[in-house]
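Just so we're clear, the structure is a prediction, and the values are computed from it rather than from any experiment. Order of listing sets the numbers, starting from 1, for every ligand and every atom in it.
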Amino acid sequence: MNNKIIALNHVKKNYEKNAVLKDINGEVHEGEVICIIGPSGSGKSTLLRCINQLEKPSDGEVLFNNDDLTKMTDKELSKLGEEIGMVFQNFNLFPNMTVMENLKLAPMRVKKMSDTEAEKIGMKYLTRVGLADKANAYPNSLSGGQKQRVAIARALAMSPKVMFFDEPTSALDPEMVGEVLNVMKELADENMTMLVVTHEMGFAKKVADQVWFMADGYIQEKNVPAEIFDNPQEDRTKEFIGKIIGD
Ligand code: ADP
Ligand code: MG
């Protein structure tokens, strides 16, 4: 097994009296693809945000390469922003900037790259997502699928060690889902470590090394996709899989 890159030990998150994450435990190894599935409101987004410290967990440890992120100062954490790339449902591109300006922003501001260097890296990743010809376009002239591929290229331009995706295809028209999933599959094939919250069960079946099923504030079941989908053990998992597979 490859190096452990993330470990979650008894992670909890409450909003006031609402216990959203009750006791989350899990490990992510280098090169692994973990798909997180589960009903709406089960805490999937909160979990990603508690790992990358966009939210502070109420309790527990989040180890990243053996450092406990929950104990770090904001300054130490800002370096972490460079290690975890994040792709959201709604792209979060800056509409007043061209695609290339969106891509260059963080490498220049955060990594202090020169304009020329940032442009070179930006073009490398735009090419990788098949959008080299859109460098000078504005986001609003792109389709949803193209916007999301730009958002992926933008995250990759920071050379992250891990990529988080929070329902990256949920806002897309159906005919654009495939192009985004293909880019994600290519990343997985190149051994990127990925945590993917998704409702795309076909993708999870094909690409995930492990599927985590979340409900009621817990990871109810973790297993390889074939087991989760075809041989779920917990009643809660059976019920959810039954509903989405529709039997
Ligand atoms: P999922 O991504 O699985 O749909 P979320 O993590 O978004 O679930 O939300 C889980 C629960 O946490 C929901 O009940 C939601 O209302 C609550 N929640 C999420 N973020 C906040 C917040 N910033 N303040 C208060 N409650 C929140
Ligand atoms: Mg969510």
Protein heavy-atom partner closest to [atom] - residue, atom, separation in Å:
| atom | answer |
| --- | --- |
| atom 14 (O) of ligand 1 | Asn18 ND2, 3.8 Å |
| atom 8 (O) of ligand 1 | Gly43 N, 3.2 Å |
| atom 7 (O) of ligand 1 | Ser45 CB, 3.8 Å |
| atom 24 (N) of ligand 1 | Tyr15 CD2, 3.3 Å |
| atom 10 (C) of ligand 1 | Gly41 O, 3.4 Å |

Below 4.5 Å, heavy atoms only, C-beta onward: do Leu93 and Lys147 meet side chain to side chain?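 A side-chain contact under 4.5 Å exists here.
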How long is the gap from CG on Asn52 to CG on Leu47, to the nearest 0.5 Å?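 Going from the CG atom of Asn52 to the CG atom of Leu47 covers 10.0 Å.
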same_hphob_cluster(Leu172, Val197) at 4.5 Å side-chain heavy-atom cutoff: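 No.
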Single-linkage hydrophobic cluster, 4.5 Å side-chain cutoff, Leu8 and Ile5 together: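 Yes; Ile5 is reachable from Leu8 via cluster members.
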Quick one: does ligand 1 sit under 4.0 Å from the side chain of Thr46, the backbone, both or neither, non-hydrogen atoms only?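 Within the 4.0 Å criterion, Thr46 contacts ligand 1 through backbone and side-chain atoms alike.
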Applying the side-chain contact (heavy atoms from CB on, under 4.5 Å) test to Pro139, which of Asn96, Val150, Asn102 qualifies?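 Of Asn96, Val150, Asn102, side-chain contact (heavy atoms from CB on, under 4.5 Å) with Pro139 is met by Asn102 alone.
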Exercise: do Asn92 and Asn90 side chains pair donor with acceptor under 3.5 Å: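 No, Asn90 and Asn92 have no side-chain donor paired with an acceptor closer than 3.5 Å.
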Does Thr46 put an N, O or S atom under 2.8 Å from the Mg ion (ligand 2)?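 For Thr46, the answer is no, given that no N, O or S atom comes within less than 2.8 Å of the Mg ion (ligand 2).
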As a quick check of understanding, evaluate salt bridge (charged side-chain N to carboxylate O under 4.0 Å, His left out) for Arg128 and Glu190, giving each step before the final call. CA-CA 12 Å; Arg128 179 140 156 208; Glu190 292 162 21; 2.4 Å; yes
Is the shortest distance from atom 16 (O) of ligand 1 to a protein heavy atom below 4.0 Å?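 No, because not a single protein heavy atom sits under 4.0 Å from atom 16 (O) of ligand 1.
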Tell me whether Val20 has any N or O atom under 3.5 angstrom from an N or O of ligand 1.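 By distance alone, the answer is no.
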